[in-house]
Amino acid sequence: QVQLVESGGGLVQAGGSLRLSCAASRRTISNWHMGWFRQAPGKEREFVAAITWSGDRTYYANSVKGQFTISRDNAKVTVYLQMNSLKPEDTAVYYCAASHTMVDMTNVRRVDYWGQGTQVTVSS
């Protein structure tokens, strides 16, 4: 069983930045693709960003391209989400995720492992 623990969420004003971190409990996760989803109140959980196990490719939802950056440090078994120019519509619970294939990594119904989520609130 793999545990994913997110941190870095909080309250920020519009236009501000936050960096989320997700630490995995097992070093073998370094061979897995990882990513982030988010779920706003009353909405379905949606894909935000993903990164291959090697870190050589990244994928983003159209809504966050150019605004968010995903990265990973396999030595620390940690994945990051740098969020800039935050808007009130970015308010959501952000979930870290891990999957064995990139197809599964971008599909909310096929993710293998989830973190517990961290709240991000952007005030206007």
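Keep in mind that this is a model prediction, so the values were computed, not measured. When reading the values below, keep in mind they use all heavy atoms of this one structure, side chains included, and skip hydrogens, waters and symmetry mates.
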Would you mind writing out the side-chain donor-acceptor pairs for residues 13-23 within the sub-3.5 Å range, not counting sequence neighbours?
| from | atom 1 | to | atom 2 | distance (Å) |
| --- | --- | --- | --- | --- |
| S17 | OG | N84 | OD1 | 3.0 |

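At least one side-chain heavy atom of W114 sits less than 4.5 Å from a side-chain heavy atom of V108.
In this structure, R72 is not positioned above the aromatic face of W53 in the sense of NZ or CZ being under 6.0 Å from the six-membered ring centre and within 45° of the axis.
A distance of 4.0 Å separates CZ in R110 from CG in D104, rounded to the nearest 0.5 Å.
The two residues K65 and N62 have their closest heavy-atom pair at NZ-OD1, 3.2 Å. Taking both residues in full, the closest heavy atoms of R45 and Q39 are given as NE-OE1, 3.4 Å, listed atom of the first, atom of the second, then distance.
Other residues, nucleotides and ligands place more than 12 heavy atoms under 6.0 Å from the CD atom of Q119.
Between R38 and D90 there is a salt bridge, since at least one side-chain N of the basic residue sits less than 4.0 Å from a carboxylate O of the acidic one.
E6 and Q116 share a donor-acceptor pair across their side chains, judged by distance under 3.5 Å alone. Checking E89 against T91 by side-chain atom types alone, no donor-acceptor pair falls below 3.5 Å.
In the hydrophobic cluster analysis, where Ile, Leu, Val, Met, Phe, Trp and Tyr join through side-chain heavy atoms closer than 4.5 angstrom, V48 is grouped together with V122.
Between F47 and W36, the distance from one ring center to the other does not fall under 6.0 angstrom.
The main-chain N or O of R57 is found under 3.5 Å from a side-chain atom of T52 such that the two form a donor-acceptor pair.
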